Amino acid sequence: MADTAIQQKSFLSGRVAHFTESVIREMTRQAMLQGAVNLSQGFPDFPAPAEIKLAAQDAIAADINQYAITWGAKNLRQAVARQMQVWQGIAVDPDREITVCCGSTETMISTLLAVCNAGDEVVIFEPFYENYGPDAILSGAQPRFVRLRPPATPDGEWTFDERELRAAFHNHTKAIIVNTPNNPTGKVFTRSELELIRDLCVEFNVLAITDEIYEHILYDGTQHISMAALDGMRERTITINGLSKTYSVTGWRVGWAVAPPAITDAIRKVHDFLTVGAPAPLQEAGASALGLPPSYYQGLAEGYRKRRDRLVPVLTEAGFRCFLPRGAYYVMTDISGFGFANDLEFTKYLVKDIGVATVPGSSFHNDARDGAQQVRFAFCKRDETLDEAGRRLRKLRARK
Ligand code: GLN
């Protein structure tokens, strides 16, 4: 009888039926299994800055080993507020407007859980970082996708259609997620694009949730503009950022949301019951990291610019059509020259036979068919890693 009862009852929440596990994370596991060069998941394979590793060691030695304040260690919140002022000219109250979470990943889901109700819609540009879809679903909201169109020429820009964006806004729209610099396309939203989004947010009374984790990784003279810095947006923007990409510490899991006090209260409540707090000593180290001089950030961007310019010609030579990124550390490519039925077959072939792990384009799309001739490469890797990937990818060219 017990057996039948067990069989009849579903032990799983209906919520999890609507999405799959992360393909990005799965590709890293595949790379490890197959001994492939891992250009899939976006994490550096080079050391984090020595100063901030020392700061973390010092914090542990100084016995900062118990819970930090739930919504974030004071030192880190003060450092975030100070740097928002310096970098974006945005005044932030560190006591009432910042919540530190376990990475920007937890920050995003805590934010969506804090602001969304069942029936709300969240506008998301597509291709999108794969977490946003499940995040919206978990928070009870319905994602609504607006297409970013690839450039016609390799060094052109990804664009969206103004009318299509406007058509995505209506009464049930609660928020729009804007990720700039963008993963996976490398697009850096311009001021006029952000103003257009701003105007719609104001007209339809919608929040902007911005993922600015690649804020400092910019190329070719592009400039990062925070949505919260635009007139009329401060009170309706939740700005998400973190240590992971700027300081090459993706495993530390320290991120934060900057939002007006009432929204911050709600995010703090969700965050408290989800995780209590982010790692205390790493928050202290984060406060030191945010104090690094401007030369650090210039070096970071220049280092990634060199890596981009090392990988892109190799990919082009191997037969990929590359869309040159203006920011972040990924390059989206078109694979139609290889004649594979779809991106999944192609990435499987790449990881097994060529020995390079990438992310299939479909994982950035709602409808798998839309990304079926694209793959994403991450270039946040040492020169040796990129060169080894290049050597392996040459075999691909021979096959064409
Ligand atoms: N942002 C990284 C990527 O897109 C990965 C982040 C993660 O896996 N949590 O590859």
Side-chain angles (χ1 to χ4, degrees), residues 19-32 36-46 48 101-112 124-136 138 148 158 177-188 209-218 240-257 274-275 278-279 282 300 304 307-308 311 323 325 327-333 343 347 350-351 356-366 371 374-381 385-386 389:
F19 54 89
T20 59
E21 264 189 48
S22 157
V23 177
I24 297 177
R25 266 84 79 188
E26 167 60 19
M27 287 312 294
T28 283
R29 293 191 290 272
Q30 283 291 324
M32 288 162 91
V37 178
N38 188 3
L39 302 189
S40 60
Q41 195 179 13
F43 62 88
D45 71 347
F46 47 83
C101 297
C102 297
S104 62
T105 296
E106 192 233 325
T107 316
M108 180 60 78
I109 185 76
S110 289
T111 298
L112 286 166
I124 299 174
F125 288 104
E126 181 183 32
F128 54 90
Y129 172 50
E130 64 172 3
N131 281 36
Y132 304 151
D135 282 351
L138 283 171
L148 288 176
W158 292 73
I177 297 179
V178 181
N179 172 214
T180 183
N182 185 261
N183 173 12
T185 64
K187 175 180 176 63
V188 178
I209 305 174
T210 67
D211 178 347
E212 304 185 17
I213 194 86
Y214 302 99
E215 169 177 11
H216 297 285
I217 304 175
L218 298 163
I240 296 179
N241 213 322
L243 299 180
S244 296
K245 314 292 188 186
T246 305
Y247 305 103
S248 306
V249 287
T250 61
W252 282 17
R253 315 313 301 133
V254 178
W256 53 81
L274 276 181
T275 64
L282 304 182
L300 180 82
Y304 281 126
R307 292 180 184 96
R308 177 194 71 171
L311 183 65
F323 304 116
Y329 50 46
Y330 310 98
V331 53
M332 266 300 243
T333 66
D343 58 326
T347 48
L350 269 191
V351 75
V356 177
T358 57
V359 181
S362 52
S363 21
F364 306 103
H365 288 86
N366 185 42
Q374 292 175 347
V375 302
R376 187 197 77 174
F377 288 82
F379 55 84
C380 43
K381 308 292 172 184
T385 310
L386 297 175

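Computed from a predicted structure; not experimentally measured. Remember, it's 1-based here, ligands and their atoms both numbered in the order they're listed. Only heavy atoms go into these numbers, but all of them, side chains included; no hydrogens, no water, no symmetry mates.
A donor-acceptor contact shorter than 3.5 Å is absent between the side chain of Thr347 and the backbone of Val359.
The CD1 atom of Ile240 sits 10.5 Å away from atom CD of Glu106, with the distance rounded to the nearest 0.5 Å.
For Tyr330 and Tyr214, the ring centers are positioned less than 6.0 Å apart.
The contact shell of ligand 1, taken as protein residues with any non-hydrogen atom closer than 4.0 angstrom, comprises Ile24, Arg25, Gln41, Gly42, Tyr129, Asn183, Tyr214, Lys245, Tyr330, Arg376.
Side-chain atoms of Arg253 and Leu282, non-hydrogen and from C-beta on, never get closer than 4.5 Å to each other.
The cationic atom of Lys381 (NZ for Lys, CZ for Arg) lies less than 6.0 Å from the six-membered ring centre of Phe43 and within 45° of the ring axis.
Defined by atom type and a distance below 3.5 Å, a donor-acceptor pair is missing between the side-chain atoms of Ser363 and Glu130.
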